[in-house]
Amino acid sequence: MIYTLGIDIGSTTSKCVILQDGKDILGTSIFTGGTGTSSPIKAMETVLSETGITKDRLSAIVATGYGRTTFTQAQSQMSELSCHAKGVHHVFPLAKTIIDIGGQDAKVINLSDEGKMANFVMNDKCAAGTGRFLDVMANIFQLTIDQLETEAFKAEKAVKISNTCTVFAESEVISQLASGENISNVIAGICQSVAGRVAALVRRTSFQEDVCMSGGVAKNGAVRKAMEKELGVSIKYSPMAQYMGALGAAIYAYDKTLKERMNSNE
Ligand code: ADP
C-alpha cells in the first residue's frame, strides 16, 4: 500500500486528504484558519489520527494553496491551479472547466482533454464574488455560512443587490432589511450576486462542459443554481468540492512516490 497526504493551505481554511494507492480517499480534515495559523498542523494531525495512519507510513506529503511554501512538513509544493485540475479530473474525468470559489479569490480553470490546465483567469483583487462576500453577509443575519443556502431556498424571488463592492453591498443589504424586504429574498439576492460576479469571469474564458464547481462556496446550492442559470449549463458538484486542491496534492504525492521508486529500481 502507498499512503500519501495532500494539504491545501488556503487564505481561509486548511484542508487535508489521505489517499491510498493514488485513488482511494481514506480520510479528510478541515480547519478554519489558513496560512499563518495553527490550522495546517491541526488539519494534518487530525486526518492522521482519524485514519489511524502514522506519519512515518506516509510515502510523501505535498502542500498546495496560498500558504504552501511555509509548511515545513511537506517534501514538495505544487500550485493550486495544478492541484485543483488534478483533483477535479480524478472525480470528474470529463470536466473541461472548473469554477473554484475560495475565501478570498475566484478562479476559472480550463482543462485539456487529458485533464491538464490549459488556461485560467482569476479574481483576487475584490471580495465580491468570493467566500468573503458570503461571510460578511452571513454576519449581518447572524447566520452560519451553511444556513445561507437553506434561507435562500425559501425565497420567492431574488432581491437585486446593485452594489458590487462588498462594503457598499453590506450597507445596501442593511437598508433593504430596514425597509422590510423579506430576509430569504435578500439572501437569495446575495447568492445571485456572487454567481453573477463569477459568471462574468467565466464568460471571459472559452468555457466548455462539463463545468464543475470547487472551493468552499460551491457547497451553497443556491449559488450553484444561480450559476447554472447565468451560464446556461448544468454544474457538476461533489461533496468533495472544498477538498479538490488537497486531493490533487495527494495524487501528485503518489505520482512523485512512483517516480522515485522507478528511479531507484533503474
Ligand atoms: P481557501 O482555500 O481560499 O481558504 P475555501 O475553498 O476553503 O477557501 O473556501 C472558504 C470559503 O468557503 C469561506 O469564505 C466560506 O465563506 C465558504 N464556505 C464554506 N462553507 C460554505 C457553505 N456551506 N456555503 C457557502 N460558502 C461556504
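Given the structure is predicted, the values throughout are model-derived calculations rather than measurements. We count ligands from 1, going down the list as the structure has it; atoms in each ligand are counted the same way. The analysis underlying the following values was restricted to heavy atoms, covering all of them including side chains, and did not include hydrogens, waters or symmetry mates.
With atom 16 (O) of ligand 1 as the reference point, the heavy atom nearest to it among L148, D100, D135, I9 is part of D135. When T32, V223, N220 are ranked by how near their heavy atoms come to atom 25 (C) of ligand 1, first place goes to N220. Taking all heavy atoms of G131, G103, A127 into account, the minimum distance to atom 10 (C) of ligand 1 is reached by G103. For atom 1 (P) of ligand 1, the nearest non-hydrogen atom from the set Q104, Q147, Q242, K15 belongs to K15.
Between I7 and P40, the shortest heavy-atom contact is CD1-O, 3.5 Å. Across all non-hydrogen atoms, the minimal contact from T64 to A249 is CG2-CB, 4.1 Å.
Under the 4.5 Å side-chain heavy-atom criterion for grouping Ile, Leu, Val, Met, Phe, Trp and Tyr, V17 is not connected to L5 through any hydrophobic cluster. Hydrophobic clustering of Ile, Leu, Val, Met, Phe, Trp and Tyr side chains at less than 4.5 Å, counting indirect connections, unites M122 with M117.
By the 3.5 Å distance cut-off applied to N or O atoms, D8 is not counted among the residues near ligand 1.
Of the protein's non-hydrogen atoms, K219 CB, 3.8 Å is the one closest to atom 22 (C) of ligand 1. Of the protein's non-hydrogen atoms, the one nearest atom 12 (O) of ligand 1 is G216 CA, 3.2 Å. What sits closest to atom 23 (N) of ligand 1 on the protein, heavy atoms only, is D146 OD1, 3.0 Å. Closest to atom 26 (N) of ligand 1, if we only count protein heavy atoms, is I145 CG1, 3.4 Å.
Heavy atoms of G65 come nearer than 4.0 angstrom to ligand 1 in no pair at all.
Ligand 1 places these atoms under 4.0 Å from at least one heavy atom of G215: 6 (O). Close approach of ligand 1 to T13 is summarised as follows: ligand atoms under 4.0 Å from at least one heavy atom of the residue are 4 (O), 5 (P), 7 (O). For ligand 1, the atoms lying closer than 4.0 Å to a non-hydrogen atom of G10 are 1 (P), 2 (O), 4 (O).
A salt bridge does not link K219 with D146: none of the charged nitrogens is closer than 4.0 Å to a carboxylate oxygen. A salt bridge does not link E45 with K55: every distance from a Lys NZ or Arg NE/NH1/NH2 to an Asp or Glu carboxylate oxygen is 4.0 Å or more. The pair E260-K256 counts as a salt bridge, with a side-chain nitrogen and a carboxylate oxygen less than 4.0 angstrom apart. For E228 and K225, the salt-bridge test fails: no basic side-chain N is under 4.0 Å from an acidic carboxylate O.
With a heavy-atom cut-off of 4.0 Å, E149 does not touch ligand 1 at all.
For the pair K86 and Y252, the cation-pi criterion (under 6.0 Å, within 45° of the ring axis) is fulfilled.
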